[in-house]
Asks: 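I'd like to ask some things about the structure below.
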Amino acid sequence: MTRFYLSCLLAFTGGHMVNYTVILYLQEKVGSDLLSGIGFGLSFGSSIIFGWFAGVLCDRISPARVIHAAQALFLLSLAGLWWTDAGATDEARVAWTLFSAFLGGLAWSFVGPARLATLGQIAPPDKLKPATIIFNLQVLLGFGLAPLIIGLVRSRYGWPAVFATGMGLFAASSLLLLGTHTRGSDRPSLGVKHELMEGFAAVRANPLLTQLILAAIMAYAMTGPMQILLPKLAREVLGLTELQRGGYLGLMALTLIAGGVSALLLGKHLHHGAAIFAGTMTASLLFASLSYWTSASASSMALGGMGLLGGMVISFVIAGIQGQAPEAMRGRIMSIYSIISQVIPAASGVAAGALVRSTGVTSAILMAGIGLALIAVLGAILMPQLRRTVA
């Protein structure tokens, strides 16, 4: 299990490096917030098309094989960004960057459900929920470490070293995965559409599972605005240097991990449903407060609180979904979660890019934070099964 967790950490760090690189590269080299939002949308949005098939595939064949193929696509994405930086003309730069973002998005479509399906096979059934929280710690840490690594590497060696570092992370991740044995299904294929409908029917038949999936949508809606707006806030409002910006964004690593650890340690003592809704509302309001602070220290404290709550909420949600998923349909149900974790940030990222272009960064943060808090309040009212869930 240790090798699998380390493989996850390296892969998710590399994957989020691809996302952040697309955003920063388009913001700085092209000077377009709208294009950076579109680039982020491509980095995650492809799963709305391909993620469904990924779930079916992970229930048919060994999910470890799917992971290797997905990570090869990440390598191609980074190679495309490297080539674009090295030799593309200004006219071709945007097109090639967006195409590389699409390759990264295609990889994300498969790697999420494949890793979750793999975890479902290699973790003992009675340890699956805590194992899923530990898995999610690697996801959260990768999300937080990516901008920090980009800032450190780029400030000293430039963009080519960033691309090379990402490629090295994926190569090492695949090597660590070589000893992980998973299996496919012996059942004859019934067709993608039919097998997808089986997965949807399983979700509809379980109200708690349905509401956990809706809670995941609420929680991930904040991710897109964070990735689009926070780099701009750090540069234009807080006036941080490149290295300081990496540290500011990398603060999310520590607080997200702390939130995940809190979920692991306090999970038996907290009311999960109440924690999910209260945590989402409070984190949204802390995000809105970032529009007010001009002090880097005050802004960092609010950002840290937001990360702590976000890590706890996401950990409870993903562990709940994993625990409710039937074994035979785990790939398909976890693909729904993975699609949410990718498409919702992509859609909200595109919206944030358009919003900041029309209103400015502080107004965009305030509007996004308050809007997300109101959605969380509505969710708490309309989802009684989850609200009453203790563990």
Asks: If two hydrophobic side chains count as joined below 4.5 Å and joins carry through other members, does F143 share a cluster with L230?
Replies: yes
Asks: Would you say S299 and Y248 are linked by a side-chain donor-acceptor pair, where the criterion is simply a distance under 3.5 Å?
Replies: yes
Asks: Cut-off 3.5 Å, side chains only: do R387 and Q211 have a donor facing an acceptor?
Replies: no
Asks: Quick one: does I365's side chain get under 4.5 Å of F287's, heavy atoms only?
Replies: yes
Asks: Are V350 and F99 connected in a single hydrophobic cluster, I mean Ile/Leu/Val/Met/Phe/Trp/Tyr linked by side-chain heavy atoms less than 4.5 Å apart?
Replies: no
Asks: Any luck finding a side-chain donor-acceptor pair between T118 and Q121 under 3.5 Å?
Replies: no
Asks: The criterion is side chain to side chain contact (heavy atoms under 4.5 Å, CB included); which residues satisfy it with L106, sequence neighbours excluded?
Replies: F50, L73, F110
Asks: Taking the side chain as every heavy atom from C-beta outward, state whether S7 and T180 have any pair of such atoms under 4.5 Å apart.
Replies: no
Asks: Just do the side-chain contact (heavy atoms from CB on, under 4.5 Å) check on L26 and L98 with the steps written out, would you?
Replies: CA-CA 9 Å; L26 288 170; L98 293 179; 3.9 Å; yes
Asks: Would you confirm whether the ring centroid of W52 sits within less than 6.0 angstrom of the ring centroid of F200?
Replies: yes
Asks: Indicate yes or no: at least one non-hydrogen side-chain atom of I333 is less than 4.5 angstrom from one of Q322.
Replies: no
Asks: Is any side-chain heavy atom of R115 closer than 4.5 Å to a side-chain heavy atom of C8?
Replies: yes
Asks: Once the angle between the rings of F163 and W82 is folded into 0 to 90°, is it parallel (under 30°), tilted (30 to 60°) or perpendicular (over 60°)?
Replies: tilted
Asks: Without placing hydrogens or testing angles, list every side-chain donor-acceptor pair under 3.5 Å for residues 9-24, not counting sequence neighbours.
Replies:
unit_1 : atom_1 : unit_2 : atom_2 : d
T13    : OG1    : L9     : O      : 2.7
N19    : OD1    : W108   : NE1    : 3.3
T21    : OG1    : M17    : O      : 2.6

Asks: So, R65 versus T182: side-chain donor-acceptor pair below 3.5 Å or not?
Replies: no
